[in-house]
Amino acid sequence: LTIAKNLSGMYFKLSASIQRSCFTRDSSFNQGSGKERNSFKMNRLNNIKGAIFDLDGTILDTNGLWIDVDRVFFEKRGIEMPADYPDRVSTMDFYAAARYTIERFDLPDTPSQLLEEWKSLTVKVYSEKVRLTPGAGEYLKKLDNNGVKLGVATSALPELFVPALKNNGIYDIFSALTSTAEVGKGKECPEVYLETAKKLGLKPNECAVFEDVYLGVKSAKSAGFLTVWIRDHTSLSNPTDDYADADIKISSFLTDIFK
């Protein structure tokens, strides 16, 4: 499971053809010097009306947890977990990740059986042990105090992320919660972000999307959102070319937002 993030967010990197079908605009930087662009985009970030957050790896510190859960899942079946598996399922909803896992490893399980097993392996940990990433709580409270509307766009199941948000005292700070299962598409397409913005009563160009998954950054940017990439150093799929497609790139809320 890093089924991981997306049991709360399972790691899936889709084919280039699928990615292209979801992206409608060039997300490259076109004007001005790098310094000028960064200054302009940071000013935009300071003036947003809405902020939409991924959960696993972005504001919930779950990356190491998912590696352990995936390992247990495969060891139970006598299968060595392939190195590419976590990233292969990272943008998928649970059901899609279950189908992929069954097909790839020729498992006798049904998707529903895998979902129940994954939930049983993680629900207690999410409700009791998962903590916020460094600086995330402070930044969320700062945005809320400044009148910014807050939303969640996640591949996680509500049974997992709702207890985690409540246990960390931030559940009530969000005005909109949306999962990829709700919109029927993974984060390689922007629907989960668009639906969250709609719930907030805002347009994409009035919101910033905070993500640690590369495909999420690309799809959110294609829909007109300001994108902030919180780099997930455990992900193999994230490019190493200075977070190329993100408008703003940070390593953590603590070091790059609260300087």
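Everything numeric here is computed off the predicted structure, so don't read it as measured data.
Of the possible polar contacts, none joining the Glu103 side chain to the Tyr100 backbone as a donor-acceptor pair under 3.5 Å is found. Put simply, the side chain of Thr58 never gets that close to the backbone of Leu55: no donor and acceptor are under 3.5 Å apart. In this structure, Ser179 contributes its side chain and Glu182 its backbone to a donor-acceptor pair below 3.5 Å. Looking at Thr133, its side chain never comes within 3.5 Å of a backbone N or O of Ala136 through a donor-acceptor pair. Checking side-chain atoms of Asn167 against main-chain N and O of Pro163 turns up no donor-acceptor pair under 3.5 Å.
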Q: Applying side-chain contact (heavy atoms from CB on, under 4.5 Å), run through Leu114 and Phe73 and close with a yes or a no.
A: CA-CA 10 Å; Leu114 259 62; Phe73 176 81; 4.1 Å; yes
(Q) ring pair (Phe, Tyr, Trp, His ring centres under 6.0 Å) for Tyr214 and Trp229? Distances and angles first, verdict last. (A) CA-CA 8 Å; Tyr214 178 65; Trp229 188 354; 5.6 Å; yes
Q. Going through the checks in order, is the side-chain contact (heavy atoms from CB on, under 4.5 Å) test met by Leu132 and Leu60?
A. CA-CA 5 Å; Leu132 302 180; Leu60 293 181; 3.8 Å; yes
Q: Under the side-chain contact (heavy atoms from CB on, under 4.5 Å) rule, what do Thr196 and Phe225 come out as? Steps first, then yes or no, please.
A: CA-CA 12 Å; Thr196 307; Phe225 292 93; over 6 Å; no
Q) Going through the checks in order, is the side-chain contact (heavy atoms from CB on, under 4.5 Å) test met by Asn47 and Leu45? A) CA-CA 5 Å; Asn47 290 282; Leu45 183 60; over 6 Å; no
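Between Ala153 and Tyr193, the shortest heavy-atom contact is CB-CD2, 3.7 Å. The minimum heavy-atom distance between Ile48 and Cys207, with the atom names listed, is CG2-C, 4.4 Å. For the residue pair Asp212 and Ile230, the shortest heavy atom distance occurs at CB-O, 2.9 Å. The shortest non-hydrogen separation linking Val123 to Glu159 is CG2-O, 3.8 Å. The nearest pair of heavy atoms linking Thr62 to Gly57 is OG1-N, 3.7 Å. Between Leu115 and Ala98, the closest heavy-atom pair is CD2-CB, 4.3 Å.
The distance between the ring centers of Tyr139 and Phe210 falls below 6.0 angstrom.
For the pair Leu165 and Leu177, the minimum side-chain heavy-atom distance is below 4.5 Å. Counting only heavy atoms from C-beta outward, the side chains of Tyr126 and Leu65 approach each other to under 4.5 Å. The shortest side-chain heavy-atom distance between Glu117 and Lys76 falls under the 4.5 Å cut-off. Using a 4.5 Å heavy-atom threshold, the side chains of Asp56 and Phe161 count as separate. Using a 4.5 Å heavy-atom cutoff, the side chains of Arg77 and Asp109 are in contact. Side-chain atoms of Lys185 and Pro190, non-hydrogen and from C-beta on, never get closer than 4.5 Å to each other. Within the 4.5 Å cutoff, side-chain heavy atoms of Lys199 are placed close to those of Thr178. Counting only heavy atoms from C-beta outward, the side chains of Val228 and Glu211 never approach each other to under 4.5 Å.
The OG atom of Ser155 lies 12.0 Å from the CG atom of Leu160; values are rounded to the nearest 0.5 Å. Remark: Glu188 CD to Leu215 CG distance equals 7.0 Å, nearest 0.5 Å.
A side-chain N or O of Thr227 and one of Asp247 form a donor-acceptor pair less than 3.5 Å apart. No hydrogens or angles considered: nothing links the side chains of Tyr95 and Ser112 as a donor-acceptor pair under 3.5 Å.
With sequence neighbours excluded, no residue satisfies side chain to side chain donor-acceptor pair (under 3.5 Å) with Glu75. In this view, Lys203 satisfies the side chain to side chain donor-acceptor pair (under 3.5 Å) rule with no residue, not counting sequence neighbours.
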Please report, to 0.1 Å, the donor-acceptor pairs under 3.5 Å made by any side chain of residues 143-152, with sequence neighbours excluded.
residue, atom, partner, partner atom, Å
Asn145, ND2, Lys141, O, 3.1
Asn146, ND2, Lys142, O, 3.3
Lys149, NZ, Leu200, O, 3.0

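Ion pairing between Asp61 and Lys129 fails under the 4.0 Å rule for side-chain N and carboxylate O.
Atom NZ of Lys49 sits in a sparse spot, with 12 or fewer heavy atoms from other residues, nucleotides or ligands closer than 6.0 Å.
In this structure, Arg71 is not positioned above the aromatic face of Phe74 in the sense of NZ or CZ being under 6.0 Å from the six-membered ring centre and within 45° of the axis.
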